[in-house]
2 protein chains.
Amino acid sequence: MREVAALAKVSIKTVSRVVNGETGVSPRLARRVTAASERLDYRHNLTASSLRRSDGRSATIGVVLEDVSNPFASALHRSIEDVAVRRGVLVLAGSSDEDEARERELISAFASRRVDGLIIQPASHDHSYLLAERKVGTAIVFVDRPAGFFDADTVLTDNAAGVRRGIRHLIAQGHRRIAYLGDLHTIATAAERHRGYVQELAAQKIQLDERLVRLDLHGIEKAEAAVAELLTASPRPTALFAGQNLITIGAFRAMRHLGLHKRTALVGFDDFLLADLLEPGITVIAQDPAAIGRTAAEMLFRRLDGDRSPSEHHTVVTQMITRGSGEIRP
Amino acid sequence: MREVAALAKVSIKTVSRVVNGETGVSPRLARRVTAASERLDYRHNLTASSLRRSDGRSATIGVVLEDVSNPFASALHRSIEDVAVRRGVLVLAGSSDEDEARERELISAFASRRVDGLIIQPASHDHSYLLAERKVGTAIVFVDRPAGFFDADTVLTDNAAGVRRGIRHLIAQGHRRIAYLGDLHTIATAAERHRGYVQELAAQKIQLDERLVRLDLHGIEKAEAAVAELLTASPRPTALFAGQNLITIGAFRAMRHLGLHKRTALVGFDDFLLADLLEPGITVIAQDPAAIGRTAAEMLFRRLDGDRSPSEHHTVVTQMITRGSGEIRP
DNA sequence: TTGTCTTTTGACAACGTTGTCACGCTGCCT
DNA sequence: AGGCAGCGTGACAACGTTGTCAAAAGACAA
């Protein structure tokens, strides 16, 4: 900036004004400055700028996801990015891998870089450690899962209701022995979905059979193994409800392997690419990751714009997409 | 930091030393400083730090991808992140959407934030504009596609060889009328893959029939429409080669729709989740995004560690995975 | 011309750090 | 006793910006 100022024969303050598009610089000087900065390949240094400016904004936000390469998470990431670019804000993204310590490390790394806001898909259950960040003005929004011991905006899917819808659908087809396949019980959404299963069975006066419930199935392989076992044991379920997309895939793989994929009903939580092209097509309770991400990002920027109203808790509804696998009768 | 220093009754320089883990601070003082910074919830400000320190490092890199939510790109992202975390480096990620202007904007935004390095999956074909970044010491590595008019490290898949392998496989099954479905011809890898198709046909002395070639199919829908047309026209191909994963999916969708998915052979470039569960399973030429990302990130950090040797060009080999769709005979 | 008001411009300090250097202290050697 | 090295520590300037405020320049009326 100093060099640009020297070349344009103005003070560095004037260069600053031109760079920031402030008013009150005569067109003649502005032109000289622009020319000089082009000639010198000048790059505005945003870190120094945010250090000095009064609001201290870095035009950067941090996003903590379970895994940036997970389809649901990367869809969230993308929709957050879409809102951020419109404001010239960049996104730092990191994967927590469901590890509380990693979540905290990431957030601490973001905080060191003075991000303006955080969007967190939480792995941990106690977020009181975020109070310090909040105090220095960092906006915080939780997505997909609720915050623990911390009052903040959240954007969630109505997990229990979605599951109940799916279970109701299976019962309507005549099923009574409906197995439930759940993710790690430590994941809040997984617990919620399991709760939906239990509730809907109770509501429909169907006795819960714990032998048909398998929890803590994290990833395709674990789900596949559990389903293989479930479908060869007795009593054999006539329908499966898979509580997450990788579990659905693992379940389908096991069913295919046993040749039961056209005889056992399957409903999965979360839509996934190609669900319609399998045989049968997979009936799913679809979330809307794009809507979740967009809502969360818009919430975050509203807070950054000064909205101090009480925390909001948005719920994004699910949609059942019937494709065949959920319509198989017992 | 000043407050911490005051509370610990030391100079801020000593706090700096403790925070940076420098040697030569007496344990007694170090303890006092640690206690004080905990009590005050002190957060080291990395932006100020990188502004001042002599190497100017921000411990942040920028990654430009086609689309962070694209499965191939997000796999790259994840493997880059895995290398970066080990060094305490954070990743800024952005989507170019195959738009040259957007690519430049992203890189300019990264540059303003003084990232230490850039990993770019390029959308544009002239990267001479990066010379200025290179000059200020930013390390640059290209992934998936080559750089244009710019000498830099690259990590690519051997696209043409992969396609030739697939075409050879189809020919070995007895196919002669093999259609080719390609992505936007402006994408370097798409052009390479198309070249592989042309070359292999020539090598096998099979006359190229332009009516069987469809290019610029970007996204599932376009591919689906093109294949629907191709399979109802004459001469009808007996086999399809799809040059990208979304194209493969679109092609399969069209084939299913026409009831031809068990009669027409299909080989796709890029593996994708569930390819094994479709009926038939889809034979693919699989890339290894994790290896590509890891190699690129390691390359980048080697440069940041001072490696000044000439640019390296790594090629990651593809692997053919036969699952049934490519083994259908004419 | 002068005085007043408005617009444009620049000098300077400050943001939160770290590099440099010099200081004081201790312990050891002459 | 004097000198010197080594260690721990702190004062100060600087990194590249922007906020503040005052000075300079221009516009306009009397």
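Protein chains get the first letters and strands the later ones, always in sequence-line order, with residue 1 at the start of each.
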Report yes if some heavy atom in the side chain of Leu156(A) is under 4.5 Å from a heavy atom in the side chain of Pro146(A); otherwise report no. yes
Nucleotide dC15(C), atom C1' - distance to CE of Met1(B) in whole Å: 14 Å
We want to know whether Thr157(A) and Asn159(A) form a side-chain donor-acceptor pair, criterion being a heavy-atom distance below 3.5 angstrom. no
My validator wants the stems of DNA chain C: runs of 3 or more consecutive Watson-Crick or G-U pairs, both distances under 3.5 Å, written as range with range. C:1-30 with D:1-30
For Thr138(A) and Glu133(A), indicate whether the former's side chain and the latter's backbone hold a donor-acceptor pair under 3.5 Å. yes
Donor-acceptor pair, Asp116(A) side chain versus Ser58(A) backbone, under 3.5 Å? yes
Would you call Asp82(B) and Arg294(B) a salt bridge, using N to O less than 4.0 angstrom? no
Measure from CG on Asn45(A) to P on dT18(D) and round the result to the nearest Å. 9 Å
In terms of relative ring orientation, are His77(B) and His77(A) parallel, tilted or perpendicular, with 30° and 60° separating the classes? tilted
What's the CZ-P distance between Arg114(B) and dG16(C), to the nearest Å? 20 Å
Rounded interatomic separation in angstrom, taking CG from Leu46(A) and P from dT17(D): 10 Å
Under 4.0 Å, counting only non-hydrogen atoms across every strand here, what does Val25(B) touch: a base, just sugar-phosphate, or nothing? sugar-phosphate
Would you say a side-chain N or O of Thr14(A) is under 4.0 Å from OP1 or OP2 of dT9(C)? no
Please tell me which of Leu51(B) and Glu22(B) maps to the more 5' nucleotide of DNA chain C, matching each residue to the nucleotide holding its nearest heavy atom. Leu51(B)
Selection from dT18(D), dC15(C), dC15(D) that lies nearest to any side-chain heavy atom of Arg53(A): dT18(D)
Decide whether Arg113(A) and Thr60(A) meet the rule of one side-chain donor and one side-chain acceptor closer than 3.5 Å. no
Ser26(B) side chain: which of dT9(D), dG19(C), dT17(D) is closest? dT9(D)
Would you say Arg145(B)'s side chain and Ile187(B)'s backbone share a donor-acceptor pair under 3.5 angstrom? no
Got a donor-acceptor pair under 3.5 Å from the side chain of Arg17(A) to the base of dG10(C)? yes
Where the side chain of Arg52(A) is concerned, which of dT17(C), dC15(C), dC15(D) is the nearest nucleotide? dC15(C)
Touch check for Arg28(A), heavy atoms < 4.0 angstrom, all strands: base, sugar-phosphate only, or nothing? nothing
Could you tell me whether a side-chain N or O of Ser112(A) sits under 3.5 Å from a main-chain N or O of Ser108(A), the two making a donor and an acceptor? yes
Would you mind telling me which residue lines up with the more 5' stretch of DNA chain D, Thr23(B) or Val15(A), judged by nearest nucleotide? Thr23(B)
Does any part of the side chain of Arg104(A), heavy atoms only, come nearer than 4.5 Å to the side chain of Ile107(A), both counted from C-beta? no
N/O (side chain, Ser49(A)) to phosphate O (OP1/OP2, dT18(D)) under 4.0 Å: yes
Send over the distance from Arg32(B) CZ to dG10(D) P, rounded to a whole Å. 8 Å
The side chain of Asn20(A) is closest to which nucleotide in this list: dG16(C), dT9(C), dT18(D)? dT18(D)
Taking DNA chain C as the partner, which of residues 2-13 of chain A come within under 4.0 angstrom of it by heavy atom? Val10(A), Ser11(A), Lys13(A)
